[in-house]
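Have a look at the structure below, then the notes.
Each chain gets a letter, A, B and so on, in the order the sequences are listed, and its residues count up from 1.
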Protein chains: 2
Amino acid sequence: MSMELSFKDFFVHSLRSHHCNQLTKADVGKRVTLMGWVHNRRDHGGVIFIDLRDREGLTQIVFNPEICGTSHTMAEHFRAEFVLHVEGEVSARPDYSINPNLPTGEIEVMVDTVKLLNNCNPLPFQLDEADSVSEELRLTYRYLDFRRPQMSSILQARHRVAFAVRQYLNSEGFLEVETPILTKSTPEGARDYLVPSRVNPGNFFALPQSPQIMKQLLMVGGIDKYFQICKCFRDEDLRADRQPEFTQIDMEMSYVTQEEVFRITEGVIRNAFKAGINHDLRLPFPRMTHKESMDLYGCDKPDLRFGLELFNATEILKDSNFKIFNTTLEQGGVIKGLMYPGGASFSRKDLDDLTSYVGNYGAKGLAWFKFVDGSVQSPIAKFFNEDSIAKLQSLSGAKNNDIVFMVCDTQNVVNQSLSALRNHLARIGKMIDDSVFSFLWIIDFPLFKYNDEEQRLESEHHPFTAPVVEDIDLLDSNPLAVRSSSYDLVLNGVEVGSGSIRIHNYALQKKIFELLSLDEYAINEQFGFFLDALKMGAPPHGGIAPGLDRILMLMLGLSSIRDVIAFPKTQKASCLLTKSPSAVSDRQLKELHLRITK
Amino acid sequence: MSMELSFKDFFVHSLRSHHCNQLTKADVGKRVTLMGWVHNRRDHGGVIFIDLRDREGLTQIVFNPEICGTSHTMAEHFRAEFVLHVEGEVSARPDYSINPNLPTGEIEVMVDTVKLLNNCNPLPFQLDEADSVSEELRLTYRYLDFRRPQMSSILQARHRVAFAVRQYLNSEGFLEVETPILTKSTPEGARDYLVPSRVNPGNFFALPQSPQIMKQLLMVGGIDKYFQICKCFRDEDLRADRQPEFTQIDMEMSYVTQEEVFRITEGVIRNAFKAGINHDLRLPFPRMTHKESMDLYGCDKPDLRFGLELFNATEILKDSNFKIFNTTLEQGGVIKGLMYPGGASFSRKDLDDLTSYVGNYGAKGLAWFKFVDGSVQSPIAKFFNEDSIAKLQSLSGAKNNDIVFMVCDTQNVVNQSLSALRNHLARIGKMIDDSVFSFLWIIDFPLFKYNDEEQRLESEHHPFTAPVVEDIDLLDSNPLAVRSSSYDLVLNGVEVGSGSIRIHNYALQKKIFELLSLDEYAINEQFGFFLDALKMGAPPHGGIAPGLDRILMLMLGLSSIRDVIAFPKTQKASCLLTKSPSAVSDRQLKELHLRITK
């Protein structure tokens, strides 16, 4: 029998009675209609067994020539991923063929009628071998990738999470408001994607890096509680957890304290984890000041699933004969370290590797002290007196067979290299429990940092961030000591959201711009419309924008943000499936008043 | 007392206990905290009354110097739109000041503590006078516009509608999947917005005109039921109901019949109307074939809130002495007409105006016959015999004092001009009941139309639309007779959604491309990746995409699509609030390898 069917046969005229993960023993005897893909086919002495697959799961369908007649001949031609419409009766499987791993494992459908809804060319990769093919191939044929239960379940989880977030925020009185995609440059400071205007030649829209200003204007407009699950765009060089377009759970609320923003955010995250993976997070999340985080972990997004806290050994070790330390300390440097339990077993090679590892973060060396059977082993032990070493052991908490690492350098280099070393050691020491979701609020960031090059203050967050109220009096006298009402949400060492209480008063905003020595003309050009709004009865407000992609990636235990995005871009910012970006016609360029330069 | 407060005072340290539409007589005696805007202020012999406003409504707050002490002095300085934090006790209003029109009209709050959270400059327009200021001014200060209850309630309705649509589709097993904004040109055929790629110089992304291809790929990928409330982009010249970016309720489903798409769509619309305006729509919506709609209404989106059906008078009037008719009919023209009850009272001037009105649609003239007291009045009556006129009166249903209009021209011109005339007459005759929502499915569109200029078939919808199964055999013999499985949803004469069952088989798709005489190379360049997908076991599928903005506009009885969009563009495709599009720096253009031409 030929597989050349009339086009007419490919279309459906009736609906499925069940999906492929639905039938159980309770349905035995029912007449059913199923549609789906041939997942696999087995010919057992003339009786053909096919696992029929759809989004929900698998059902075994049986072509017995005594029951299905000519359909059996058709079934002999079915190959993987052919699309079938079958009708038949649900039958209990014989005991020996029951599959306890499938919800439908106790039944099979005895087909009496079959229609081929579509055929299928040989596939570029087998679905069950996708793990072993290149990501490039999977992205080029993303639609085949979706048919794998792993990918399908990711998209299903993403849907459930987004829906649960909307349900929760709706129940809290938030309104979802759509802000424009064709808009104006925003103050995030990354590079904008631009869209040339045909109607206004020489002018451009920018795709939003975030709806920051728009959501603040909604607050000025009395919308009170806003959210949007929205696309944001940054034309940056990509890393594993970055995409040109990404999705934010963008929120802003009026008349609120930082405490209230935390309550709402924690509710969002808790509902997301419940809906996504049925995991109950404990609230509230712990908090840590920015200072404490920098002191103990050397960074503002510590992974708290393991210890390895840093300690400051400057005081203990400042009086030594070790010239390298002394010179660095004289130039304002610090000594910080961390103790790694059992690390006395590291070989010379291991230690060289770790030294070169911290070198990537600017550290010119990695000092170490092994404590073994009451004695200390270190190439630089001789430069320190016994008392110093005893104090170091005590401060670090090192016991027998432990090792203490230290870096002496500028505060920045010390923190960056030891923070990286800490994460690295936890990974190689398998100290990380992957089943733990460790959330943490980092609070009390500094409002400003000093830009040495330009000799002026810069915003640590963005210039619309409010100072902590208690510190407002320090704005003039000691601006670098002013804390900001901003906060980051950290999950397992990854920043997954950032927000702040905003400045809502024009006079204060103007003062901040003055402190930042910003060019008034440029400000008015870019943000004049926003400053005007602050003069028109803007209410106190604040917000946050957790990143949906990153949260999903971590929630689902995936290593790439591309795995949680239906149609992601590669790290070269292109789409392998559609081959975009691509060339456009001369007519299109002419209409946009543009010419491509070399 | 000065209004110059310390910046510290502007921030909040506690939350509201209630919103401004919440307190009733049951709350009398409670101590409450409210925050909001000064809606208005009245000084009654030393006691100051303020209506405090937030998103939810108004509450009267009272500054009695005997209770609030120095706060009273502050209150004397409060102007419209100042932002207040007040605390006080809920008190029953005296009988004479009860306002039955306000939910909070039976109470007032006796303020004992007040904090000014922000002041406010004089406004560019008063909120209660917004209806009389230009739309330009409202769009420039859109955030003030939002504070008006009318605008706020639109955004609230939009939120409720989108949320209800998501709830319904979730309950029907649909997954919301985000498709890319940075993507490739799609086949809708309008002009794309382009985004230059910095990383791939000379190449461009296109903003999606719709996620058409992506959602079909999701079906090929087994996602089964997809939806997305998503932005679409078309760089077209704008009309009142068009915006450069607009929002679609995009849906696609596998293994379904047209009937099932209708059921789901009707569920979406019904839930939207219930959530938006608490209106119960009756299902199912009526249906009409494209042919019937063209015959009876001259268009494919008839407004059925009134009658005025067209009739075809070609047969009746073809034998006359009227040369203009005869010549037109010889060239293949037709005569159609409509009867307007009571229209015999139209003056010569009225009739000249109507003639010039249909002239806008290409009609070279508008014939009319008034039937008055048993006689006919018409400048062209003399060309027709009595029998023809009697038949015309009978066919048109004209009674005493009615008028019959007729246009004789090509079918297109006749239909377009009479369809426009029909709507125009209904408006001027006040025949339209604004409280009615008249939904209608138009089905059985032709699959092709003939492009006389290029002498080839063109798709009526888009080239991925499936033919009606019964007509597939006509593809070769009589392609123009083939109906398509496409459908439009019409509301009150406006197309609010369009969809189809798609072609899911490669061989059939290839045949359609051949019939369209499309350039194979160009097709492969643009859609090759999609055609590949059709070879890989694509399931039968179909969908639709109702336009959220238009539906909201009609649901809420508004006349401009801009009223239902938070931050719309003007008809010149610019944003008055942010002043975008705007110039960009030379550095930005250089990074994108672009130069602006004159």
Side-chain angles (χ1 to χ4, degrees), chain A residues 7-8 10-12 35 55 81 83 117-118 120-121 143 146-147 155 159 163 170 175-177 180-182 184 193 195 197-200 202-205 217 220-222 224 231 235 245 255 469 472 505 508 533 535-540 566-567 573 578 580-582 584 593-597, chain B residues 7-8 10-12 35 55 81 83 117-118 120-121 143 146-147 155 159 163 170 175-177 180-182 184 193 195 197-200 202-205 217 220-222 224 231 235 245 255 469 472 505 508 533 535-540 566-567 573 578 580-582 584 593-597:
Chain A
F7 291 137
K8 290 186 183 186
F10 287 127
F11 290 94
V12 295
M35 305 189 202
R55 186 181 84 185
E81 302 306 311
V83 189
L117 297 176
N118 212 352
C120 182
N121 280 11
Y143 45 89
F146 292 145
R147 284 194 207 151
L155 293 186
H159 163 74
F163 186 67
N170 179 67
L175 302 183
E176 186 160 23
V177 180
I181 298 290
L182 295 170
K184 187 161 174 144
Y193 277 104
V195 182
S197 165
R198 176 180 57 90
V199 185
N200 304 278
N203 288 315
F204 293 76
F205 293 105
L217 290 176
V220 179
D224 211 304
K231 285 282 179 69
D235 185 9
E245 57 183 295
Y255 302 112
V469 172
I472 285 181
N505 175 268
L508 180 55
K535 299 173 192 165
M536 303 281 182
F567 299 101
T578 61
S580 64
S582 55
V584 297
H593 306 269
L594 290 178
R595 184 180 302 150
I596 296 167
T597 61
Chain B
F7 292 136
K8 289 186 184 185
F10 287 127
F11 290 95
V12 295
M35 306 189 200
R55 185 183 81 186
E81 301 306 310
V83 189
L117 296 176
N118 212 352
C120 182
N121 281 11
Y143 44 89
F146 292 144
R147 284 195 207 150
L155 293 186
H159 162 75
F163 186 67
N170 179 68
L175 302 183
E176 186 160 23
V177 180
I181 298 289
L182 295 171
K184 186 161 175 144
Y193 276 105
V195 183
S197 165
R198 176 181 56 90
V199 185
N200 304 279
N203 287 315
F204 293 76
F205 294 104
L217 290 176
V220 180
D224 211 305
K231 286 281 179 71
D235 185 8
E245 58 183 295
Y255 302 113
V469 172
I472 285 181
N505 173 268
L508 180 56
K535 300 173 193 165
M536 303 282 181
F567 299 101
T578 61
S580 63
S582 55
V584 298
H593 307 269
L594 290 178
R595 184 180 302 149
I596 295 168
T597 61

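Proximity of a side-chain donor or acceptor of A:R147 to a complementary backbone N or O of B:V220 within less than 3.5 Å is detected.
By number of non-hydrogen pairs under 4.5 angstrom with chain A, the leading residue of B:G202, B:S582, B:C120 is B:S582. Contact count against chain A (heavy-atom pairs under 4.5 Å) is highest for B:N203 among B:V195, B:N203, B:I596. When each of A:P180, A:A573, A:A566, A:G222 is checked for heavy-atom pairs under 4.5 Å with chain B, A:P180 comes out on top. Annotation: maximal heavy-atom pairing with chain B below 4.5 Å, among A:L117, A:T578, A:V83, occurs at A:T578. Ranked by heavy-atom pairs under 4.5 Å with chain A, the first of B:N121, B:I181, B:L217, B:L155 is B:I181.
For chain B, the nearby part of A:V199 is the side chain; its heavy atoms alone come within less than 4.5 Å. The part of B:V177 that comes within reach of chain A is its side chain, from C-beta onward, which places non-hydrogen atoms under 4.5 angstrom from that chain. If you measure heavy-atom distances from A:P581 to chain B, the contacts under 4.5 Å come from both the backbone and the side chain. At a 4.5 Å heavy-atom cutoff, the contact between A:S197 and chain B is made by side-chain atoms alone. Using a 4.5 Å cut-off between heavy atoms, A:K535 contacts chain B through both its backbone and its side chain.
For the atom pair A:F163 CZ and B:L175 CG, the distance stands at 12.0 Å (nearest 0.5 Å). Separating the CZ atom in A:F7 from the CD1 atom in B:I472 is a distance of 8.0 Å, to the nearest 0.5 Å.
For B:Y255, the ring pair (Phe, Tyr, Trp, His ring centres under 6.0 Å) partners at least two apart in sequence or on another chain are A:W37. Residues passing the ring pair (Phe, Tyr, Trp, His ring centres under 6.0 Å) test with B:F567, sequence neighbours excluded: B:F146.
In this structure the side chain of A:L594 never reaches within 4.5 angstrom of the side chain of B:T597, judged on heavy atoms.
The two residues B:V12 and A:P540 come nearest to each other via the heavy atoms CG1-CG, 3.9 Å. Here the closest heavy-atom approach between residue A:V469 and residue B:K8 is recorded as O-CE, 3.7 Å. Across all their heavy atoms, B:L182 and A:E245 have their closest contact at N-OE2, 2.8 Å. Pairing each heavy atom of A:E176 with each of B:H159, the nearest pair is N-ND1, 2.9 Å.
Taking the six-membered ring for Trp and thresholds of 30 and 60 degrees, A:Y193 and B:F205 have ring planes more than 60 degrees apart, a perpendicular arrangement.
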